[in-house]
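Handing you this structure, nothing more for now.
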Protein chains: 2
Amino acid sequence: MTAKRSGARSKRPRPTEFQPAPEPRGEPHLSLERPLSLERPLSLERIVATAVELLDARGIDGLTMRRLADRLGSGVMSLYWHVDDKDGVFDLALDSVLEYRGSPQMNGAEDWRVEIVHMLEDWRAGMLRHPWSVPLLSSRALGPNILSRLELLGRTLSRAGVADKDLNVAIWSLWNYVMGATITRTSFDLADSDKAATQQHHAHPGERYPTIQRSRLLFDDDWVGTFRKGLDLLLAGLAPGR
Amino acid sequence: MTAKRSGARSKRPRPTEFQPAPEPRGEPHLSLERPLSLERPLSLERIVATAVELLDARGIDGLTMRRLADRLGSGVMSLYWHVDDKDGVFDLALDSVLEYRGSPQMNGAEDWRVEIVHMLEDWRAGMLRHPWSVPLLSSRALGPNILSRLELLGRTLSRAGVADKDLNVAIWSLWNYVMGATITRTSFDLADSDKAATQQHHAHPGERYPTIQRSRLLFDDDWVGTFRKGLDLLLAGLAPGR
DNA sequence: ACCTGAACACCGTTCAAGT
DNA sequence: ACCTGAACACCGTTCAAGT
């Protein structure tokens with residue numbers, strides 16, 4: 001039977017440090033009904049936070065409505081009062097993980113170049129911290145937090161002197177660069193953990209892939225450095241002035 | 001996870017050849033309404049081709065082992081003799097769609113810039129023709145056809161005069177750019193078909209996203225032009241010579 | 001070598017109902 | 001307003017077996 005409503009349930013699964021629920025800051029609307037108790041009552045915030053936890057722990061296939069409900073100490077169907085369906089959970093989890101907490105004082109005084117690099121590295125780091133977000137991001141619609149990042153990026157470029165007519169290309173070039181770099185990175189993490197494939201394709205690239213081998217393409221693990229170099233190059237091209 | 005297992009199970013021993021192209025020859029248009037099973041014997045090729053067909057027609061969730069077997073006119077479990085598991089089908093389908101048929105005579109005589117642009121646009125077009133390949137590509141290991149594309153890209157860059165020590169950054173920058181641009185593109189296709197989200201976030205970007213609106217970021221549909229511009233910019237930065 | 005159905009342990013979601 | 005179990009129509013895959 002599935003009667004598991006005994007008292008020992010429904011405690012917080014783990015005290016692991018973990019990013020707070022999607023809306024920690026003083027944002028417009030929020031539930032002032034409930035105290036911040038993470039205990040009994042189901043709430044969108046709790047559902048999303050737990051979904052992220054589950055995704056972090058077990059990957060994209062590990063998120064199951066039943067498993068999620070279980071972790072929350074509720075019945076499966078209770079989730080459906082708060083959420084449309086499983087895709088809704090994916091969308092919410094994805095966007096929550098992409099929220100941008102800007103650095104304390106990023107005002108106009110700073111060098112815009114520093115600012116942009118910081119934004120993009122933060123974004124990339126966020127995705128790498130939750131690798132499941134990458135495929136999700138490429139198969140689901142853009143949420144508000146992602147759009148906010150785009151907006152901020154555009155604003156900064158604009159402030160840096162990029163003309164309106166060039167803004168489009170500038171934003172997308174940077175955006176695409178970050179997405180691409182992150183995908184590449186997670187791809188290779190995957191490849192590394194998949195020894196069979198690595199053996200088969202990466203271990204002896206000299207025979208079929210001499211250039212790849214010569215450039216040490218698959219073995220260079222200075223991802224951050226490479227990321228920065230390409231980014232600098234791009235920025236130089238986009239806003240040559242100053 | 002690659003499909004070939006080390007045991008004696010696979011159809012083809014796994015030496016040098018991975019597997020031929022399952023994509024339909026002739027014009028890329030194919031009928032989605034395929035009559036079932038005119039050819040009797042199951043084969044890896046047939047399985048992969050049908051999987052691609054199914055993915056094209058019904059998306060990533062539409063591929064089901066049962067459905068696949070059904071289309072092939074076989075029992076579900078018959079598939080498992082040719083293929084490890086469902087992930088194996090995904091890997092095979094993905095790689096098959098990314099095969100590069102170089103243009104007839106792409107020899108050294110051509111301008112390398114033309115060559116590279118052609119390669120990358122072909123790659124991008126291939127992914128857009130099979131949108132399910134994008135999230136798959138960002139969550140699965142790189143297959144041989146993808147590595148071949150990388151190799152060719154590196155070789156061409158090298159021939160164009162890029163020094164070995166710069167090859168790494170050059171390859172990844174271009175690669176990442178294409179991946180990112182393609183993801184962005186498919187994201188917006190999704191957003192367009194998702195009217196609720198579009199209504200909510202894209203229809204009134206002026207209020208919360210003034211810069212995005214000003215740059216007409218979300219409404220510009222000259223994807224090809226934008227793609228080309230960013231690419232030219234990148235190429236100029238990567239190989240300033242000439 | 002190749003293919004098969006039955007069976008198992010799961011899924012997401014509808015529904016009618018409880019508080 | 002919030003939550004629930006039972007039920008339905010699916011899944012992927014193991015197994016023992018057939019040719």
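The model shown is predicted, which means the values in this text are computed figures rather than measured ones. Here is how names work: the chains are called A, B, and so on, in the same order as the sequence lines, proteins then strands, and each is numbered from 1.
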- Message: Please give the stem ranges for DNA chain C, sorted by first residue number, where a stem is three or more consecutive Watson-Crick or G-U pairs and both donor-acceptor distances are under 3.5 Å.
- Response: C:4-8 with D:12-16, C:12-16 with D:4-8
Throw together a table of side-chain donor-acceptor distances under 3.5 angstrom for residues 79-86 of chain A, partners on residues two or more places apart or in other chains.
from    : atom 1 : to      : atom 2 : distance (Å)
A:Asp85 : OD1    : A:Asp87 : N      : 3.4
A:Asp85 : OD1    : A:Gly88 : N      : 3.1
A:Lys86 : NZ     : A:Leu63 : O      : 3.0

- Residues A:Arg129 and A:Asp122 bridged, charged N to O under 4.0 Å: no
- Item | Spacing of B:Asp70 atom CG relative to D:dG12 atom C1', expressed in whole Å | 16 Å
- Message: If the condition is salt bridge (charged side-chain N to carboxylate O under 4.0 Å, His left out), which residues does A:Arg124 pass it with, not counting sequence neighbours?
- Response: none
- With B:Arg155, which residues qualify under salt bridge (charged side-chain N to carboxylate O under 4.0 Å, His left out), at least two apart? B:Glu151
- Query: Over how many whole Å does the gap from B:Leu63 atom CG to D:dG12 atom C1' extend?
  - Reply: 12 Å
- Note on the structure: Residue pairs passing the side-chain hydrogen bond (donor to acceptor under 3.5 Å, both in side chains) test with at least one member in residues 134-143 of chain A, sequence neighbours excluded, are A:Asp91-A:Arg140
- Of all the choices, C:dC3, D:dC11, C:dT4, which nucleotide is nearest to the side chain of B:Ser74 once you look at every atom? C:dT4
- Query: Which part of the nucleic acid does B:Thr64 contact within heavy-atom distance under 4.0 Å: base, sugar-phosphate only, or nothing?
  - Reply: sugar-phosphate
- Would you tell me if any nitrogen or oxygen in the side chain of A:His82 comes within less than 4.0 Å of OP1 or OP2 on D:dC3? yes
- Item | Those residues that, when tested against B:Thr184, pass side chain to side chain contact (heavy atoms under 4.5 Å, CB included) (two or more places apart) | A:Trp172, A:Trp175, A:Asn176, B:Phe188, B:Trp223
- Below 4.0 Å: OP1/OP2 of C:dC11 and any side-chain N or O of A:Arg67: yes
Taking only N/O atoms, report every protein-nucleotides 13-17 of chain D pair under 3.5 Å with atom names and distance.
from   : atom 1 : to      : atom 2 : distance (Å)
D:dT13 : OP2    : B:Tyr80 : OH     : 2.7
D:dT13 : OP2    : B:Lys86 : N      : 3.0

- Note on the structure: CG (A:Leu44) and CG (A:Leu92) are apart, to the nearest 0.5 Å, by 5.5 Å
- Task: For D:dA17 and C:dC2, measure between their P atoms and round to the nearest Å.
- Result: 22 Å
- Note on the structure: So ring-ring contact (aromatic ring centres under 6.0 Å, His included) across residues 41-73 of chain A, not counting sequence neighbours, yields none
- Spacing of A:Leu72 atom CG relative to D:dC3 atom C1', expressed in whole Å: 13 Å
- Rounded to the nearest 0.5 Å, how far does CG of B:Leu68 lie from CD of B:Glu53? 10.0 Å
- note: A:Leu44, atom CG; D:dC3, atom P; distance rounded to Å ~ 11 Å
- Message: Without decimals, in angstroms, what is the distance between A:Leu42 CG and D:dT4 C1'?
- Response: 12 Å
